[in-house]
*Asks:* 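Please find one structure pasted underneath; my questions will follow.
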Amino acid sequence: MSPLSRRSFLRGSSLAAAGLAAGALPAALQAAAPAAATAGAGPVLLNFNECPLGPSPAAQEAVRAILPASGRYLFGLRGGLAAEFAHQHGLPVDHVAVYAGSSDPLDRAALAFTGPQRPLVLADPTFEAVADTAAAQGAAVHRVRLRADGSHDVRAMAAAAPQAGLVYVCNPNNPTGSVTARAELDWLLANKPAGSVLLVDEAYIEYSQERSMLDHVRAGADVVVLRTFSKIYGMAGLRLGLALGRPDLLAKLAAFGSNPLPATALAAGLASLRDPGLVPERRRANALVRDQTIAWLQARGYPCLPSQANCFMVDVGTDGREFAAAMAGHGVLIGRSWPVWPSRVRVTVGTGEEMARFREVFALLAPARAAAA
Ligand code: PLP
């Protein structure tokens with residue numbers, strides 16, 4: 001699939017099956033967004049791994065407060081956000097680069113570290129944006145199947161392409177929510193192809209209890225870590241993300257151009273970082289609803305991999321795309337399937353109410369079977 005088509009979140013999604021014509025989508029989604037917190041009031045959006053709670057109250061207040069001043073570029077805000085993150089994680093501030101989301105530095109990493117002679121190695125299934133960009137500039141893409149427990153097969157990844165320029169790991173992984181043990185990632189960092197960079201996408205790390213790879217950034221390793229405010233911080237539409245790495249690695253990403261950042265996103269991001277209760281509270285609430293939903297599915301005979309993120313994959317035992325379209329027909333939009341696992345679909349964890357609606361529609365479409373092992 002081309003980068004353009006993959007990234008046009010609307011095409012191929014189950015929205016069409018919900019009766020929402022492509023041209024009408026922006027308005028339909030705007031209308032749906034406020035209703036999303038109230039199951040039954042509009043489509044239930046469990047399709048893009050967003051946080052159903054949106055920006056925190058403190059972040060929303062910060063957006064309102066900065067708005068009158070945002071006729072200016074407010075360049076200083078970027079440095080303020082970088083300094084706060086650096087301080088919280090014990091990093092030198094020149095190891096922090098701020099972007100409008102993490103998609104941007106992800107693409108830049110593909111541009112900087114892959115090419116016709118420098119392949120990309122990544123898992124299958126995983127978040128494949130980096131593969132689209134690498135392939136577009138002529139890099140070979142080596143996909144290594146996840147292990148049965150959903151972890152990255154780090155030994156196979158290290159051996160997949162001796163000339164690799166970039167090895168991409170998403171932990172916890174999208175779409176599975178599964179994690180790869182820290183010892184395995186340490187092994188991969190020590191044994192990756194000579195001259196390659198390890199890119200660790202930690203978009204969902206705050207949902208888990210996993211240890212970040214930021215200490216390797218601190219130690220000056222050949223690793224770049226990505227973070228986003230689109231997930232647990234509920235700021236997908238505001239756009240804010242971070243690349244963390246040695247200054248020489250970050251300079252390679254920066255070489256592809258710069259763009260001033262939205263003041264609203266920076267203000268909301270700073271307020272979010274300074275809110276000590278936000279991450280633990282959202283992590284706890286998400287885990288509760290996620291684990292209940294997975295237990296319910298397993299008890300009905302539909303296997304799921306263990307997840308430590310705000311999404312999980314369920315094996316519906318039939319064509320996943322058709323199943324998602326049928327769910328959409330009942331107003332519950334779930335995620336997609338990956339070619340390697342056509343009968344599994346990704347489901348984003350919504351609020352308790354939204355997941356109750358998910359269960360209702362799932363039960364309508366998928367009969368209970370012998371319980372999954
Ligand atoms: N990385 C992963 C693993 C993701 O799942 C996503 C979005 O779903 C992104 C990066 C990009 O997110 P954003 O550009 O909103 O930060």
Side-chain angles (χ1 to χ4, degrees), residues 1 3 6-10 12-13 29 45-52 54-55 59 81 85 96-111 120 122-134 143 146 150-152 166-180 185 198-208 210 212-213 224-244 253 256 259 261-262 264-266 268-269 272-273 286 307-313 333-336 338 345-350:
M1 196 181 286
R6 191 197 61 74
R7 288 184 178 118
S8 74
F9 281 150
L10 308 177
S13 84
L29 283 179
L45 304 177
L46 309 177
N47 46 349
F48 294 145
N49 288 358
E50 298 150 337
C51 174
L81 184 102
F85 187 89
V96 181
V98 189
Y99 288 96
S102 59
S103 298
D104 186 353
L106 194 56
D107 285 339
R108 288 166 185 255
L111 295 172
L120 168 73
L122 79 173
D124 192 14
T126 194
F127 186 66
E128 65 276 77
V130 70
D132 294 338
T133 308
R143 293 186 163 83
L146 288 178
S151 64
H152 285 72
L166 190 65
V167 180
Y168 172 78
V169 166
C170 185
N171 197 43
N173 188 41
N174 176 8
T176 51
S178 50
V179 296
T180 302
L185 297 182
L198 180 64
L199 182 63
V200 184
D201 188 335
E202 295 188 342
Y204 301 95
I205 192 113
E206 298 93 346
Y207 284 108
S208 78
E210 293 303 293
S212 166
M213 292 285 275
V224 173
V225 170
L226 299 181
R227 291 284 184 97
T228 181
F229 288 78
S230 297
K231 306 302 173 184
I232 207 162
Y233 293 111
M235 289 173 43
L238 275 170
R239 311 305 301 140
L240 194 65
L242 301 170
L244 300 319
L253 305 186
F256 295 98
N259 197 13
L261 294 166
T264 44
L266 289 163
S272 300
L273 288 180
N286 173 76
S307 166
Q308 288 199 37
N310 68 338
C311 63
F312 60 87
M313 286 202 106
L333 308 188
I334 59 173
R336 61 195 175 97
W338 270 247
V345 285
R346 188 187 68 192
V347 179
T348 302
V349 178

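Order of appearance sets the numbers: ligands from 1, and atoms from 1 within every ligand.
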*Asks:* Determine whether the side chain, the backbone, both or neither of N49 has a heavy atom under 4.0 Å from any heavy atom of ligand 1.
*Replies:*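 The answer is neither.
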*Asks:* Mark up the atoms of ligand 1 that fall under 4.0 Å of a heavy atom belonging to T228, in ascending order.
*Replies:*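 Result: 13 (P), 16 (O).
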*Asks:* Of all heavy-atom pairs between N49 and N310, which one has the smallest distance, and what is that distance?
*Replies:*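 Looks like O-ND2, 3.2 Å.
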*Asks:* Considering only heavy atoms of S230, which atoms of ligand 1 have at least one such atom less than 4.0 Å away?
*Replies:*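 Contacts of ligand 1 toward S230, numbered from 1: 13 (P), 15 (O), 16 (O).
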*Asks:* Going by the order shown, which atoms of ligand 1 are within less than 4.0 Å of some heavy atom of C170?
*Replies:*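 Taking each heavy atom of C170 in turn, ligand 1 has 3 (C) under 4.0 Å.
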*Asks:* Can you confirm, on distance only, whether ligand 1 has an N/O atom lying under 3.5 Å from any N/O atom belonging to S103?
*Replies:*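 By distance alone, the answer is yes.
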*Asks:* Quick one: side-chain contact (heavy atoms from CB on, under 4.5 Å) partners of L111, sequence neighbours excluded?
*Replies:*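 Expected list: T133, Q137, F256.
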*Asks:* Could you grab the distance from atom CG of L253 to atom CZ of R108, nearest 0.5 Å is fine?
*Replies:*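 Those atoms lie 7.5 Å apart.
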*Asks:* State the atoms of ligand 1, each with its element, that fall below the 4.0 Å cut-off from a heavy-atom position in A203.
*Replies:*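 Every atom of ligand 1 under 4.0 Å from some heavy atom of A203: 1 (N), 2 (C), 3 (C).
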*Asks:* What part of S102 sits under 4.0 Å from ligand 1 if we count only heavy atoms: the side chain, the backbone, both or neither?
*Replies:*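 Both backbone and side chain.
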*Asks:* Test of understanding: with side-chain contact (heavy atoms from CB on, under 4.5 Å), list the residues that count as partners of S230, not counting sequence neighbours.
*Replies:*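 S230 satisfies side-chain contact (heavy atoms from CB on, under 4.5 Å) with T228, A236, R239 only.
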*Asks:* List the steps and the verdict of side chain to side chain contact (heavy atoms under 4.5 Å, CB included) for N47 and T348.
*Replies:* CA-CA 6 Å; N47 46 349; T348 302; 5.7 Å; no
*Asks:* Would N173 and T126 count as having a side-chain donor-acceptor pair, cut-off 3.5 Å?
*Replies:*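 Per modelled atom types, N173 and T126 side chains form a pair under 3.5 Å.
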*Asks:* Considering only heavy atoms of R239, which atoms of ligand 1 have at least one such atom less than 4.0 Å away?
*Replies:*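 Those qualifying, in numeric order: 13 (P), 14 (O), 15 (O).
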*Asks:* Ignoring hydrogens and angles, tell me if any N or O in the side chain of N171 forms a donor-acceptor pair with the backbone of T180 under 3.5 Å.
*Replies:*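 The answer is yes, because a donor-acceptor pair under 3.5 Å joins these two groups.
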*Asks:* Which one holds for F229 and ligand 1: side chain close, backbone close, both close, or neither close, with close meaning a heavy atom under 4.0 Å?
*Replies:*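 F229 to ligand 1: no contact under 4.0 Å from either part.
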